[in-house]
Q: 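Here it is: the structure, laid out below.
Atoms within a ligand are numbered from 1 in the order they appear, just like the ligands themselves.
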Amino acid sequence: MIRALLYFIVIAVLVLVAVWLSETPGAVRIDWLGYRVETSVGVALVLAVVLVGVVTALYRLYSLLIDGPRALKRMRARVRRDRGFRALNQGFVAVASGDAETARAMARKADRMLQEPPLTLLLSAQAAQLNGDETAARRFFEAMLRRPETEFLGLRGLLTQAIQDNEPVKALGYAQRAMALRPKSPWVVQTCLNLQVQLRRWVEAQSTVAAALKAKLVDSPTARRYKTAILIERSREADGEGKTDQALSLAHEAVKLSGDFVPAVMREAKLLARTGHEARARKLIEKTWSKAPHRLLAETYRDIVPVTEDTAARVGRFEKLLRAQPDHPESLVALADQEMEAERWDGARTHLMKAEAKGPSRRIYRLLAELEVRQKNDSEAARDWLMKAQAAPPDPVWVCDHCGAVPDVWSAVCESCGSFNSLAWIAPSAAAHLPAAPAARPLARPVAEEPAVIAAQ
Ligand SMILES: [Zn+2]
């Protein structure tokens with residue numbers, strides 16, 4: 001509507017100008033190089049307009065001829081780039097869906113079409129892995145190391161390969177390099193710690209835990225538990241190398257850090273006893289017992305025997321433990337156990353029955369069965385207790401909350417599955433009801449679980 005109106009106005013103005021020109025006659029005369037041109041003003045104006053039009057058209061033609069090839073090239077490059085990115089896209093989709101053939105074809109096409117090595121290298125490496133060509137994948141990953149923008153992804157690829165090839169030393173090298181690049185990447189810190197634990201490089205593992213805490217990848221109670229476990233292992237190693245003093249001070253540090261973690265207390269107490277500090281060793285256990293009685297502490301306590309002690313004196317010692325925790329079944333059973341050693345049958349029976357009233361367990365019933373046989377030679381009564389033992393809840397033991405293994409002694413690394421700090425003191429049947437492990441322990445899964453195909457971060 002407005003266009004039509006404008007058009008109409010332009011036509012009207014032109015008509016008016018034409019009418020005005022024809023009504024106001026005038027002449028234009030040009031004398032030039034011996035030629036003379038005479039014409040009316042109207043014709044001269046029309047000629048001028050035509051001339052401007054011709055010159056404009058000529059200029060357009062000229063610039064098209066000069067600029068054309070360049071514009072064409074730009075257009076071609078754009079098409080190429082579009083195709084390259086489409087190939088890249090299809091390639092990654094093919095990797096995700098496991099289509100090795102398409103992945104490889106698209107990787108080649110993207111490489112040809114795009115001048116974007118960071119992107120095409122990753123696709124090429126993944127396609128090579130999907131085709132089972134680990135050597136080619138390694139070559140691409142190594143090429144990625146040479147560019148800062150792809151170095152981390154390259155390291156991740158090489159690290160995963162080294163773990164799969166079961167080369168933990170090599171893998172740790174890549175992991176440490178990756179951690180220097182991204183100290184806050186949970187995956188890297190976790191892998192680093194796993195490898196250090198697997199290689200029993202405890203001092204390095206300890207600094208990784210400190211770094212994880214600093215980067216807020218673990219909370220401080222978790223970091224404290226990890227550090228305690230590492231300190232106990234360091235103490236064990238120092239002891240194995242004959243460095244008893246160092247072993248003792250590491251164990252002491254573990255006890256102080258964890259408060260009452262039983263393996264740490266046991267370790268320090270045993271080392272104290274071995275270095276001639278039996279009284280201090282016993283005092284340590286008594287102090288821990290007053291906070292949390294534990295069957296293994298009772299065993300350690302029993303073994304720290306003064307030279308002159310007879311069974312009666314030992315009963316006296318265990319009465320001290322009972323006084324510290326008078327109602328605890330562990331106190332009652334520990335004392336009863338010693339009373340049976342000293343053949344104080346009535347005392348043993350009283351304490352076992354009291355413990356049973358607090359909470360029946362297989363151990364209590366087995367001790368009662370033993371008591372019947374040893375005190376009265378009553379195998380019938382013993383059989384009754386053993387029947388009860390079968391129905392009673394099992395006693396707690398160390399259970400790996402990752403694989404369910406039940407090792408005899410605590411260690412920082414599960415011997416069955418290699419998990420770090422995964423042992424808990426629980427009744428074995430309860431292990432079946434544990435939640436899925438990863439949620440409970442965000443760090444330190446076994447390294448073999450890492451995905452084969454790397455993912456862009
Ligand atoms: Zn395990």
Q: Whether the side chain of N131 engages the backbone of A127 through a donor-acceptor N/O pair (distance < 3.5 Å, no angle test) should be reported.
A: yes

Q: Anything protein N/O/S under 2.8 Å from the Zn ion (ligand 1)? Just list residue and atom, please.
A: C400 SG, C403 SG, C414 SG, C417 SG

Q: Stepwise, does the side chain to side chain donor-acceptor pair (under 3.5 Å) test hold for S411 with W398?
A: CA-CA 10 Å; S411 61; W398 292 119; over 6 Å; no

Q: Step by step, work out the side chain to side chain donor-acceptor pair (under 3.5 Å) result for Y365 and E356.
A: CA-CA 8 Å; Y365 290 125; E356 194 233 353; 2.4 Å; yes

Q: Going through the distances and angles, do Q164 and E134 end up as a side chain to side chain donor-acceptor pair (under 3.5 Å)?
A: CA-CA 11 Å; Q164 274 165 359; E134 291 293 331; over 6 Å; no

Q: Please determine whether a side-chain nitrogen of the Lys or Arg among R383 and E380 lies less than 4.0 Å from a carboxylate oxygen of the Asp or Glu.
A: yes

Q: Could you check whether R317 makes a cation-pi contact with Y301, meaning its NZ or CZ is under 6.0 Å from the centre of the six-membered ring and within 45° of the ring axis?
A: yes

